[in-house]
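These notes concern the structure reproduced below.
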Amino acid sequence: MKNNLKSSSMKKIIFISLIFIIILGISVLAGNVKLRNVNIKFSNNHEITVLTAKTKIADILEENHIVLEENETVTPALDSEITNTNEIVITLKGNEPVKIAENVSTQIDKEQILDDYTNITEKIETIIEEIPFETITKDVSNGSATTRNAIIQSGQNGERKVTYKVTYKDDVEILREELSSEVIKEPVDKIVQIQTKSIITSRGSYSRTSGVSGQSGVYKVTAYCACMQCCGKTNGITASGAKATANHTIAAPSTFAFGTKVVINGITYTVEDRGGAIQGNRIDIYMNSHAEALAWGVRYVEVEVLN
Ligand SMILES: [Zn+2]
């Protein structure tokens with residue numbers, strides 16, 4: 001019994017000593033590591049506070065068996081250290097909290113603001129501005145290989161009166177708003193015509209026997225077809241409204257009335273079409289294909305005008 005008593009009090013002593021050792025151990029540990037309360041917010045707005053000695057976000061989460069879902073993200077990032085806000089926020093991707101810049105002085109210098117305002121001035125300005133003219137190019141060469149550009153109308157800039165509200169800061173323009181504008185002078189388009197270059201011949205005979213437009217004589221005769229290059233359209237409808245026909249249709253200057261019969265190289269043609277470059281002693285023969293028209297080229301031939 002006595003022995004029993006002795007041994008039980010021995011057990012008590014050992015037990016109490018063990019508790020002391022454990023408490024001592026914990027306080028030693030606590031002295032070496034800094035414990036902190038960390039608030040963890042989940043993406044479903046649920047919050048918990050955990051006591052931890054860890055400082056790395058990943059470690060704190062792991063310690064508390066918190067696993068991020070694939071569509072979740074954490075602030076601060078997993079590999080960073082906990083900040084002095086002791087807060088970890090888990091959000092769905094794309095909903096990350098706006099990071100508030102730290103250590104930024106929010107103190108506003110009142111004088112600076114006043115200064116900024118006093119140096120801003122607004123002025124209403126009315127000025128005359130040029131309206132640049134446009135250049136319009138018209139191709140009347142009927143696809144000829146030799147062309148020249150003729151300016152048939154020179155361009156002229158127009159003018160407009162514009163009223164602006166101009167904002168200056170320290171005499172430097174920072175904003176210009178158009179309040180109203182009025183055209184004073186319309187611009188005049190520059191018109192350039194691409195014309196067939198006349199073949200200059202050393203022989204004077206052509207000019208002497210050249211057909212006076214609408215009369216028999218030697219004409220400069222070219223050929224065309226119904227292609228884009230020749231006509232700028234492909235429907236083959238002539239200026240007279242008739243459908244162009246090979247061995248029949250020719251384009252001639254307006255001094256030839258539509259329907260006038262003209263004999264060229266033994267074939268009787270009918271004037272059914274016009275052409276920008278077909279002026280003076282010029283005639284254009286309609287052909288079925290562009291290749292045929294090219295093969296014809298430019299010929300000076302005797303043309304007989306029938307009545
Ligand atoms: Zn053609």
Side-chain angles (χ1 to χ4, degrees), residues 134-155 189-203 205-307:
E134 283 180 34
T135 301
I136 293 167
T137 304
K138 288 178 181 167
D139 190 345
V140 293
S141 68
N142 275 345
S144 170
T146 52
T147 59
R148 66 190 190 99
N149 288 350
I151 295 164
I152 60 172
Q153 181 175 290
S154 55
D189 292 333
K190 177 180 177 179
I191 301 175
V192 178
Q193 205 173 54
I194 301 171
Q195 301 172 336
T196 301
K197 198 187 262 176
S198 318
I199 292 170
I200 297 156
T201 169
S202 57
R203 290 163 63 196
S205 58
Y206 288 140
S207 56
R208 277 204 304 277
T209 59
S210 269
V212 173
S213 202
Q215 294 176 24
S216 298
V218 172
Y219 280 69
K220 179 184 173 184
V221 181
T222 49
Y224 72 108
C225 79
C227 78
M228 276 308 284
Q229 209 183 327
C230 291
C231 297
K233 55 177 185 152
T234 56
N235 62 6
I237 303 297
T238 61
S240 67
K243 178 102 179 156
T245 319
N247 297 315
H248 171 79
T249 303
I250 56 168
S254 55
T255 42
F256 288 80
F258 283 137
T260 304
K261 305 286 181 196
V262 171
V263 182
I264 303 165
N265 288 352
I267 300 169
T268 304
Y269 296 92
T270 304
V271 175
E272 287 183 328
D273 212 355
R274 304 283 185 227
I278 307 306
Q279 303 295 337
N281 63 328
R282 285 211 49 188
I283 281 174
D284 220 5
I285 303 177
Y286 177 80
M287 295 192 178
N288 273 331
S289 71
H290 198 72
E292 284 175 84
L294 284 179
W296 174 278
V298 179
R299 300 183 192 182
Y300 289 82
V301 289
E302 190 69 40
V303 167
E304 191 190 345
V305 180
L306 306 175
N307 269 349

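Counting starts at 1 for both ligands and their atoms, in listed order.
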Inset, instruction - Take the Zn ion (ligand 1) as the vertex and measure to SG of C230 and SG of C227; round to 10°. - result: 100°
Inset, instruction - Verify whether the ring centers belonging to Y286 and Y224 lie closer than 6.0 Å. - result: yes
Legend entry - Test: R274 cationic atom under 6.0 Å from F256 six-membered ring centre, within 45° of axis: no
Legend entry - Atom name, H290 (N, O or S, nearest to the Zn ion (ligand 1)): ND1
Inset, instruction - Starting at NE2 of H248, measure out to CD1 of I285 and round the result to the nearest 0.5 Å. - result: 13.0 Å
Inset, instruction - Examine all N, O or S atoms of C225, backbone included, and report whether one is under 2.8 Å from the Zn ion (ligand 1). - result: yes
Legend entry - CD1-CD1 distance between I250 and I278, expressed to the nearest 0.5 angstrom: 10.0 Å
